[in-house]
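To keep things clear, I will list the structure first and then write my remarks on it.
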Amino acid sequence: MGTGPGVLTDPVTTAVRGGVGDSPRRPDGTLKVTGEFAYSSDLWMDGMLWGLTLRSPHAHARVTRIETARALAVPGVFAVLTHEDVPGTNLYGLEIRDQPVLAADRVRYQGEPVALVAAEHPEAARRALDLVEVDFDPLPPVTDARESVHGTSPSLHPGGNVVRHVRIRHGDEHARADVVVTGDYEVGMQDQAFLGPESGLAVPSPDGGVDLYVATQWLHVDRDQVAAALGLAPELVRITLAGVGGAFGAREDLSIQVHACMLALRTRRAVKMVSSREESFFGHVHRHPARMRYEHGATRDGRLVYVKAETILDGGAYASSTPAVVTNAATLGAGPYDVPNVAIDCYGAYTNNPPCGAMRGFGAVQAAFAYESQMDRLAAVVGIDPVEIRIRNALTEGSRIATGQRVDSAAPVAELVRRVRDMPLPPSADGDLRAMPGGVANTTHGEGVRRGVGYAVGLKNVCFSAGFDDYSTARVVLEAVAGEPVVLVHTAAVEVGQGLVTLQAQIARTELGVARVTVATADTQVGGAGSTSASRQSYVTGGAVQAACRQVAEEVRRRAAERSGADPGALDLAGGKVVTRDGVPVADMADLLGDDRVERTVEWRHRPTSPIDPATGQGDAHVQLAFAAHRAVVDVDVELGLSSTGWCATRRSPTT
Amino acid sequence: MKVTCMVNGEERVADGVWAGESLLYVLRERLGLPGSKNACEQGECGSCTVYLDGLPVCSCLVAAGQAEGRVVVTVEGLSEGERLHPVQEAFVAAGAVQCGFCTPGLVVAAHDLLERDPDPSEADIREALAGNLCRCTGYEKIIEAVHVAARRRLPEGRREVG
C-alpha cells in the first residue's frame with residue numbers, strides 16, 4: 001500500500017482482514033503440516049546430554065539406601081543425582097507444596113521419581129538407571145479413598161488424609177419430597193494422554209542460572225516452583241515455551257522441569273529429557289476417580305425439590321490441584337438445574353494411588369456423570385421423557401446455583417437440550433460392516449443390534465474461581481518497519497493447540513487496525529498470564545491484549561490529534577492509518593511513529609470472585625458459567641455386547 | 001553401525017548408530033528430521049508414519065538397520081519447495097491442525113490414501129486413518145480436510161460428482 005497524498009484522503013474501512021469475527025489461519029499451521037514446528041521433544045543442541053528418571057516400583061515404601069557408584073561408572077554417564085542433590089527446597093506443588101522433587105526417605109506412589117541420570121546417549125542413561133541401587137522397605141498402601149477419608153488409614157501426610165472438604169448447604173438441608181431416587185456412582189481414573197510426551201531442554205547459563213525450554217501450561221508457576229527447588233532467585237530461571245503437543249490439564253504440574261535443570265546445572269551441559277509413553281503415564285497427574293452417592297427429591301411431576309450428595313475424589317499421593325477440583329465438584333454438583341435445596345459434601349483424599357489433578361472438566365465431569373444418571377432415573381420414576389425432565393428443571397438466567405450465586409448471564413440450558421434433541425438422527429449402518437458393532441470382524445449384519453439414545457447436560461465454570469487473583473499480562477509494541485506499521489504481542493500465555501496465538505493476533509488487528517501482527521514466543525520475560533486451563537485464556541489473556549492495545553491506540557490517537565488538531569476522542573485506527581469517525585485518514589501510522597515505538601504493558605483482571613463460606617459453601621465463587629448438552633446415539637449388539645463407534649451431538653453455550 | 005538410505009530424495013548416511021535404534025530415532029536425532037513425531041513409540045498412534053519403499057510404516061517400529069539401502073519419505077519431503085502439498089494445504093485450511101503433534105503422521109497417511117483412492121468416502125477415510133490418533137480435534141475436521149484435499153486433487157469434471 002502506498003502512502004502518497006492521494007491515498008491518505010481515501011476513506012478507510014474499519015473492517016480488518018484477519019481480525020475478530022474473521023477466520024484467519026493459524027500462524028503456526030504451515031510449520032505444523034510440514035513437520036518444521038519445534039516441539040519440546042524436537043530440541044537439540046551440540047553436546048547435549050540425555051536425562052532419565054528412576055522411578056519407584058512401589059506404591060508405598062520407605063527408602064532405606066540409595067547407591068549410585070555403579071551407575072556413575074557406566075561409560076558416557078555424566079551425573080547421577082538423588083534427593084541429596086536437590087539444591088533448594090525438596091518440595092513442590094501447585095496449591096500445597098507436598099511433593100518431593102526426588103524421594104528422600106519415603107515413596108508414596110508407584111512411579112515416584114527417586115534418582116536422575118544424564119548421559120551422552122539415551123541407551124547409556126537407561127543402562128545406568130538399571131545400576132542405581134535403591135533399597136525399599138515396602139509399606140501397606142492406602143488404596144481406598146473412602147476409607148482414607150472416613151476410616152482409619154494411616155496418615156500419608158502431616159495434616160491427615162483429607163486434602164479438602166467442601167460443604168454446601170443451600171436452602172433447607174432437611175427438605176423432603178414425594179419422589180426420591182438414590183444412586184451410588186463410580187467413575188474411574190482417566191488420562192489426558194496428550195501426544196507430545198513430557199520433554200524439554202535445560203541449558204545452564206554463565207550467570208549461574210538456567211534457561212529451560214519446555215512444554216507446559218503455566219510458565220510463571222513453573223518458574224516459581226523450579227526456582228524454589230533449585231535454590232535460585234526467580235530471575236535466574238528463565239523459561240521459554242517450546243512447542244506443546246497437547247496438554248488437557250496434564251502439564252499444569254511440574255514433570256521434568258526441575259530434573260532437567262538439576263542435571264544441566266550439575267553437568268554444565270545442555271540436558272534434554274523426553275519421557276517415553278509408558279513413563280508419561282507415571283509422570284503426570286490424571287483425572288480423579290470418584291465415588292458419589294446422590295439422592296434427588298422431586299415433586300410427582302418431576303420438579304426438583306432437593307439434591308443431597310457425598311462425593312469422594314481420590315487425589316492419590318500428592319495434592320496437585322485437588323483442592324480446586326473438589327471446589328468444582330461441590331459447587332457445580334447439583335448440575336445446571338434450579339434446585340431450591342442442596343446439601344453436598346465433597347472430599348479430596350490422599351491415597352497411595354497415582355496423583356490426580358487437572359484434566360478437561362476438572363471436577364465438573366465426575367459430578368455430571370452422577371447427577372445426569374440420577375435425572376434419567378428420576379424421569380423413569382416420574383414417567384416422563386429424559387429430555388422433558390431436563391427442560392422442566394433447567395437453570396435459566398436469574399436462577400441460583402448450589403452456592404447461592406445468581407446466574408447473571410445467558411443460561412440457555414433448555415434451549416441446548418432442545419437443539420440436540422432436534423438434530424437428525426444418524427443413519428443406520430445400512431449394510432456397511434464398518435459402521436456395525438464389531439465392524440469388519442463380521443459379527444453381525446444387523447441382527448441383535450439395538451439403538452440407544454442418551455442425553456446429558458452439564459455446566460462448568462470459566463476462569464479461576466473462589467477468590468483467586470486471576471490475571472494476565474500483555475505487552476504490545478507498535479512500530480514502523482519498512483514504512484508499514486507492525487505490532488508485536490508478547491505474553492506468557494501458553495498455546496497448547498487451542499488457537500490462542502491466532503486469537504491474540506486477531507484482537508490486535510481489530511484494536512489497532514494493523515494487518516501485520518506477530519505473536520512473540522511465550523516466556524517468563526513478561527508478566528504472568530496464568531494457566532492455560534479453566535477455559536480462561538481467551539477471556540483473560542484476550543482481555544489483557546485488548547487492554548494493552550487500547551492503551552497503545554490511545555497514545556497513537558493523542559499523537560495524531562497533536563499533529564492534526566483533531567479531537568483524539570473522535571479518531572479511530574484502521575487500515576494502518578488514523579482516521580476520523582467517517583473513515584477519513586488524518587495520519588499514516590508509519591509516518592506518525594517514525595523511528596519511535598509505542599509500547600504498553602497491561603495487567604488485566606476479570607471481575608473478582610469470592611471464596612465460599614467454609615460452613616455452607618455459599619458465595620459468588622464463579623466468574624461465569626458455560627453450559628453443554630450432548631446426545632449420544634450408540635448401536636449395540638445386545639448378543640455380544642459390542643457397540644458401534646457412536647455419534648455424539650453437542651451444543652455449547654457461548655461465553656462472553 | 002552405519003546406515004545409508006535415500007531420505008526425501010537424497011542419500012543420507014548415519015554413522016555410529018546403536019543397533020537398538022529405531023528409524024524414527026535416526027531420522028529425528030541423527031538426520032535432523034524431527035517432523036516424524038515420537039508420540040507413543042510403540043506403533044499405536046501413527047504420529048511417526050513415513051513411507052518406506054512407498055509403503056506407509058510406523059518408523060518407531062522399524063529398526064534403523066532395516067532402512068539400509070531403502071527409500072524413505074517423511075512429512076518434510078511432501079511439500080514441493082515452498083508450496084504445500086494439497087493434503088498439507090487442506091489440513092491448514094480446514095482447521096484440522098490444533099496442537100499438531102499427530103499432524104505429520106496424519107498428513108502422510110492421508111497422502112497415501114489419496115494416492116490409492118483419489119475419491120474416498122467418509123467411511124473409507126475413517127478406515128484409512130484408523131491407525132492415527134489425535135487428542136485435540138475429535139477428528140471431524142481431519143476428515144473434512146481429506147475431503148477438501150481430494151476435491152482439490154480431482155480433475156475438474158469429477159469434482160461435482162464427489
Could you look at [X] and say if it's the side chain, the backbone, both or neither that has a heavy atom under 4.5 Å from chain A?
{"X": "B/E127", "result": "side chain"}
{"X": "B/A93", "result": "both"}
{"X": "B/E44", "result": "neither"}
{"X": "B/L84", "result": "side chain"}

Aromatic ring pairing A/H121/B/Y25, orientation class (parallel under 30°, perpendicular over 60°, tilted between):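 Taking B/Y25 first and then A/H121, their aromatic rings sit tilted (interplane angle of 30° to 60°).
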
Donor-acceptor contact present, side-chain [X] to main-chain [Y], <3.5 Å:
{"X": "A/K32", "Y": "B/C99", "answer": "yes"}
{"X": "B/Q88", "Y": "A/V33", "answer": "yes"}
{"X": "A/R434", "Y": "B/R126", "answer": "no"}
{"X": "A/R277", "Y": "B/A39", "answer": "yes"}
{"X": "A/Y39", "Y": "B/G100", "answer": "yes"}
{"X": "B/R135", "Y": "A/G246", "answer": "no"}

Any B/F101 side-chain heavy atom under 4.5 Å of A/S41 side chain: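 B/F101 reaches A/S41 side chain to side chain.
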
Validation row: A/F248, B/C136 side chains within 4.5 angstrom (heavy atoms):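 A side-chain contact exists here, since the closest heavy-atom pair is under 4.5 Å.
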
Residue, of [options], that accumulates the most heavy atom pairs under 4.5 Å with chain B:
{"options": "A/A193, A/G29, A/P122", "answer": "A/A193"}
{"options": "A/G497, A/G245, A/S276", "answer": "A/G497"}
{"options": "A/W44, A/F37, A/W50", "answer": "A/W50"}

Test side-chain contact (heavy atoms from CB on, under 4.5 Å) applied to B/E29 and A/K272, step by step: CA-CA 12 Å; B/E29 306 296 339; A/K272 174 171 172 169; 3.2 Å; yes

Gap separating the [atom1] atom of [X] from the [atom2] atom of [Y], nearest 0.5 angstrom:
{"X": "A/L195", "Y": "B/C134", "atom1": "CG", "atom2": "SG", "result": "7.0 Å"}
{"X": "B/Q42", "Y": "A/E278", "atom1": "CD", "atom2": "CD", "result": "8.0 Å"}
{"X": "B/E41", "Y": "A/S275", "atom1": "CD", "atom2": "OG", "result": "10.5 Å"}
{"X": "B/D124", "Y": "A/D432", "atom1": "CG", "atom2": "CG", "result": "8.5 Å"}

Check whether more than 12 heavy atoms from other residues, nucleotides or ligands sit under 6.0 Å from atom [atom1] of [X], and answer yes or no.
{"X": "B/M1", "atom1": "CE", "answer": "yes"}
{"X": "A/R360", "atom1": "CZ", "answer": "no"}
{"X": "B/R83", "atom1": "CZ", "answer": "no"}
{"X": "A/R419", "atom1": "CZ", "answer": "no"}

Electrostatic pair A/R25-B/E89, nearest N-O below 4.0 angstrom: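 Answer for the salt bridge query: yes.
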
Select one option (side chain, backbone, both, neither) describing which atoms of [X] are under 4.5 Å from chain B's heavy atoms.
{"X": "A/Q192", "result": "backbone"}
{"X": "A/D42", "result": "both"}
{"X": "A/E36", "result": "neither"}
{"X": "A/S23", "result": "neither"}

Largest heavy-atom contact set with chain A, pairs under 4.5 Å, which of B/V75, B/V107, B/T74, B/L133: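 With the most close heavy-atom pairs to chain A, the winner is B/V75.
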
